[in-house]
Structures are given as C-alpha cells and as structure tokens.
S.K.: 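This structure is in structure tokens; I'll ask about it shortly.
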Amino acid sequence: MLIVQKYGGSSVGNPERIKNVARRIIETKRAGNDVVVVVSAMGDTTDDLITLADQITDDPSEREMDMLLSTGEQISIALLAMAIQTMGEEAISFTGAQVGIMTDSIHSKAKIVDVKGSGKMRAELKKGKIVIVAGFQGIDKDFNITTLGRGGSDTTAVALAAALKADECEIFTDVDGVYTTDPRIVSEATKLDVIAYDEMLEMASLGAKVMHSRSIEMAKKYGVVIHVRSSFNKVKGTLIQEEDAQMENIVVRGVALNKDEAKITISRVPDRPGIAAKIFKMIAEGNVNIDMIIQNVSEKGFTDISFTVLKEELKKARKVLDRIAADVGASGVTYGDNMAKVSIVGVGMRSHTGIASAMFEALASKGINIEMISTSEIKVSCVIDSKDAEKAVKAIHDKFKLGGKKVMKEKISAAK
Ligand code: ADP
Ligand code: ASP
Ligand code: MG
C-alpha cells in the first residue's frame, strides 16, 4: 500500500518527538508499505518566525514573509530524514518546490494548482526510500516560494495523497481525532468515528483548527478518505469521508468556535439603491474578505451597515474603509475586535427543524447576547462577545447532548 502520513507541529515539537515519529514511520514502512510523509514546522516555530519579522517591520512584504515562514518546515524535514536514517531506513527530504507543488501567486494563502513531482516521488519510493515533504509550502510559476495559509500542511498531505493516488491518508496530531468540539474547551467533548466532508469543511471554516479547510475541499474533490489520529498513541481516530445515509440521523455533529472575529460598522449610510453594492465592491477591491453582513432598519433615509471580518483582516480593512465611508456620505466607521463566532454543524439539520431555536435558547439561558446570525443548510452561526465564547460553546454542546459518551466512559473509569 502507498500511505501518506502527515505529522503536525506538536508531534515533531522536539528531538524526542521527532525520533518517536521516525519510529512510527519506520513501523509503517516495515509492514510492507510505501510511505510519503508530510511534516509541519516544529512546535511554535512558525509563530516565532512571525514574531521575528514583527521586530523588523510592521508591514513586511508578503513575498518575503513566505520566504521566511517556509523555513520552519525545511528544518523539520531534514531532522526527520536524519532520524529515520539513523534508525536504519533510507529517507530523503524535499521542499515543496522540489516536488513541484505548484501554487497560484497569492502569498500567505496560496492555492495548490498542480503537483508535478509525482514521478520523482515514485522513483524514490521504488528505491526503497521514505519520502519526506515539507508541508505548507509551494512555488508559483515564477519560482517564488508561497505558503498555503496557517495550518496548510494538512492540505499538502491531501494534495500528495490525491496526486499519488495513495491508499491511505493519515493526519497525525495532538488529539485522538475530530471531536464534537475542541476538547481543550469542553473536556466532555466526544470523539467522532466518522464525519462527512461537508460537515468537516464547515467545522474547519468556522474555526475548528484540527483540519485546514482547504484540505477538506481537496479531499472531497478527489475522494481522499482522511484518517485523523494521534501521533502519541495507536487509537483509531476519525474518518473524514463521503456522507452516507445514516449520517443525517445525527442532527448536530459538532460545535465550532472562532475567536478571531472583528466587527465593523459603517454608520448613517444613505439608504439608496446601489449604495451597498458600491461599498462592498470597494471592500472587495481592497482584498478584504467579509463574512456576515447586517443592515439595520432604515431611519429617516439613513441606515447602519455592520459586517464581520477575521481580526487579521482588520488592518487591511481600516486602510480602505475610512475612504469608503467618506465616498458614500456615511458619518463614520467603528471597529470592534472582540467578537467570536460560535456555530453548530450537521448534515442532519437538512431534515430536522427547531435546531436554530434550541441553539438560541442555550445562549439565552446563559444571558449571552446574539449580535448576528447566519445560517446555511447544514450550519447555524451566531456572533457574540468573545468574553462569552467558551461559556457559549459549553452551553450549546450541553444543549445538544454531545458530551454523552465520554462522560460515561469517565464515570466507568472512576468506578473502577
Ligand atoms: P497540528 O499541529 O497537528 O496540525 P493543530 O493545532 O493544527 O495540530 O490542530 C489540533 C488542535 O485542534 C487540537 O489540539 C485542538 O485543540 C484543536 N481543535 C479545535 N477543534 C477541534 C475539534 N473539533 N476536534 C479536535 N480538535 C480540535
Ligand atoms: N507550520 C504552519 C503553521 O504553523 C503550517 C502547519 O502547521 O500546518 O501554520
Ligand atoms: Mg494543524
């Protein structure tokens, strides 16, 4: 079998852990498999590199930022190859560029458009080597190094699994699988045996950082089944796969939280046809991604328009918004960077009713005010004050009784 394994930052966080990962890879190889490994940068390396750049400038060039951040993964691939070689197996490491991971040119959030080095990787596997590839990075048509967005090594792994038509794609991380919500926030969260691509895609896009959302888009497109599991034990994890008939029986699969939301309000906007079109066209031209939008009821020909962006987009947003407000004759713009978005996700919502109201009740029961709401066929999201974020997740998780199994398990072990 051809197996692609990806090890995240904490799984290769120090030399001991790198050796542990090396042993695990060798075990897979010696069981008769070809193994391609994708690794992230060690521990907090990527954050540390960002801090380093901050000490040089407030406004680094995006190209140089990608050049800098891609170095983290270059360290871990080399160390892992050395660890494997020391343990008696052959290994060879490659940067993204060396195995032809071609991307577009959008620095810091580049999309993979092609993997040109499948033949090269196959040739190394044929020689009996373990192939190790740097996650999170690629190269554009002009040979500039690009990165895929934070958490992007997952996407590298799925892209390689698709390109090589791998039999398995395993994502090794620091939790046992995908849980009903972040187990670091709700200790009663339950590990899921399976989750549908569409559910995982929503969860990831709405803040569950266990998987990079683009990796799920790609897995769905190419039919790659992903096994998310722990690098610290051998327990079976979670399968991310095509939806099956039974999945709709469970209404809410999980609760996601994103604490990095900011709210922008443009006040006293003239209430005329074409104004919203003009505002959002200018925002789009400024390359700012917006999420939820609310327009208040008009009063005497004026209205307030609020919308949310990711906190990291705020700097860019500020650059364009004051000008936009002046252009359309609004009275001003206010910014709030203390918002959180809490969401419930489940394909079962398509065929069940009363789900949104149960979520609102859960928030109301804790006195949490909802500032914005948005829904789709398989999710409901509420924007709230970030100080209430964890409380909200717990209340909603409780309301939909998502914590049952683990609580039971804990009770059993406590009774022993
Ligand atoms: P890696 O470095 O292995 O890529 P990440 O830190 O990117 O790991 O992702 C794993 C983390 O995702 C977990 O430690 C957990 O806190 C967080 N997480 C958020 N939501 C979930 C969820 N629903 N299930 C599991 N983990 C989650
Ligand atoms: N090292 C990168 C990050 O920290 C990519 C990854 O870990 O997937 O975001
Ligand atoms: Mg990750």
Side-chain angles (χ1 to χ4, degrees), residues 5-13 17 21 37-51 65-66 68-77 96 101 108-110 133-138 146-159 170-195 199-216 226 228-232 235 237-238 240 252-260 312 342-346 389-390 393 396-397 402-403 406:
Q5 297 188 330
K6 177 253 170 179
Y7 292 90
S10 46
S11 305
V12 292
R17 288 187 177 180
V21 163
V37 181
V38 173
V39 260
S40 296
M42 292 171 70
D44 296 329
T45 304
T46 310
D47 290 327
D48 296 344
L49 291 169
I50 293 172
T51 309
M65 208 55 199
D66 277 359
L68 176 69
L69 296 193
S70 66
T71 62
E73 273 70 12
Q74 197 168 334
I75 296 173
S76 48
I77 53 170
I101 298 186
S108 85
K109 37 179 176 278
V133 179
F136 176 58
Q137 54 176 263
T146 53
T147 65
L148 310 179
R150 296 305 304 268
S153 298
D154 299 331
T155 301
T156 307
V158 175
E170 295 179 301
I171 302 288
F172 288 91
T173 183
D174 57 2
V175 282
D176 288 356
V178 179
Y179 280 71
T180 45
T181 193
D182 189 340
R184 292 182 206 282
I185 298 178
V186 180
S187 59
E188 301 85 32
T190 314
K191 189 179 82 192
L192 299 167
D193 293 329
V194 287
I195 181 168
E199 292 171 327
M200 191 66 236
L201 183 56
E202 288 284 6
M203 290 278 282
S205 310
L206 295 167
K209 77 163 185 164
V210 61
M211 290 299 296
H212 191 232
S213 61
R214 201 162 296 140
S215 70
I216 310 299
I226 301 175
V228 183
R229 53 192 310 197
S230 169
S231 63
F232 304 118
V235 177
T238 304
I240 306 173
V252 176
R253 184 85 50 195
V255 184
L257 172 66
N258 186 349
K259 284 180 81 176
D260 296 319
E312 63 192 37
V342 51
S343 311
I344 51 173
V345 173
E390 279 84 8
V393 171
I396 294 166
H397 195 265
L402 297 175
K406 173 129 184 246

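Counting starts at 1 for both ligands and their atoms, following the listed order. Computed from heavy atoms alone, side chains included, the values below leave out hydrogens, waters and symmetry copies. This one's a predicted model, so the numbers in the text were calculated from it and none came from an experiment. Quick note: residue numbers are just sequence positions, from 1.
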S.K.: Among all protein heavy atoms, pick the one closest to atom 7 (O) of ligand 2 and tell me residue, atom and distance.
M.R.: Ser40 OG, 3.2 Å
S.K.: Kindly identify the option in Asp182, Thr173, Val178, Asp176 whose heavy atom sits closest to atom 1 (P) of ligand 1.
M.R.: Thr173
S.K.: With the threshold set at under 4.0 angstrom, would you say Ser40 reaches ligand 1 through any of its heavy atoms?
M.R.: no
S.K.: Using only heavy-atom distances, determine whether the side chains of Asp154 and Ser215 contain a donor-acceptor pair under 3.5 Å.
M.R.: no
S.K.: Keeping Glu170 on the side-chain end and Gln5 on the backbone end, is there a donor-acceptor pair under 3.5 Å?
M.R.: no
S.K.: Would you mind listing which atoms of ligand 2 come within a distance below 4.0 Å of any non-hydrogen atom of Gly151?
M.R.: 3 (C), 5 (C), 6 (C), 8 (O), 9 (O)
S.K.: Output the list of atoms in ligand 1 that are nearer than 4.0 Å to some heavy atom of Gly177, sorted by atom number.
M.R.: 24 (N), 25 (C)
S.K.: Relative to ligand 2, is His212 under 4.0 angstrom through side chain, backbone, both or neither, heavy atoms considered?
M.R.: neither
S.K.: Report yes if some N/O of Lys6 lies less than 3.5 Å from some N/O of ligand 2; otherwise report no.
M.R.: no
S.K.: Against heavy atoms of Arg150, which atoms of ligand 2 measure under 4.0 Å?
M.R.: 3 (C), 4 (O), 9 (O)
S.K.: Hey, looking at atom 6 (C) of ligand 2, which of Ser153, Gly135, Gly9, Gly43 has the closest heavy atom?
M.R.: Ser153
S.K.: Counting only heavy atoms not in Gln74, do more than 12 fall under 6.0 Å of its CD?
M.R.: no
S.K.: Who gets closest to atom 14 (O) of ligand 1 by heavy atom: Arg184, Met203, Arg150?
M.R.: Arg184
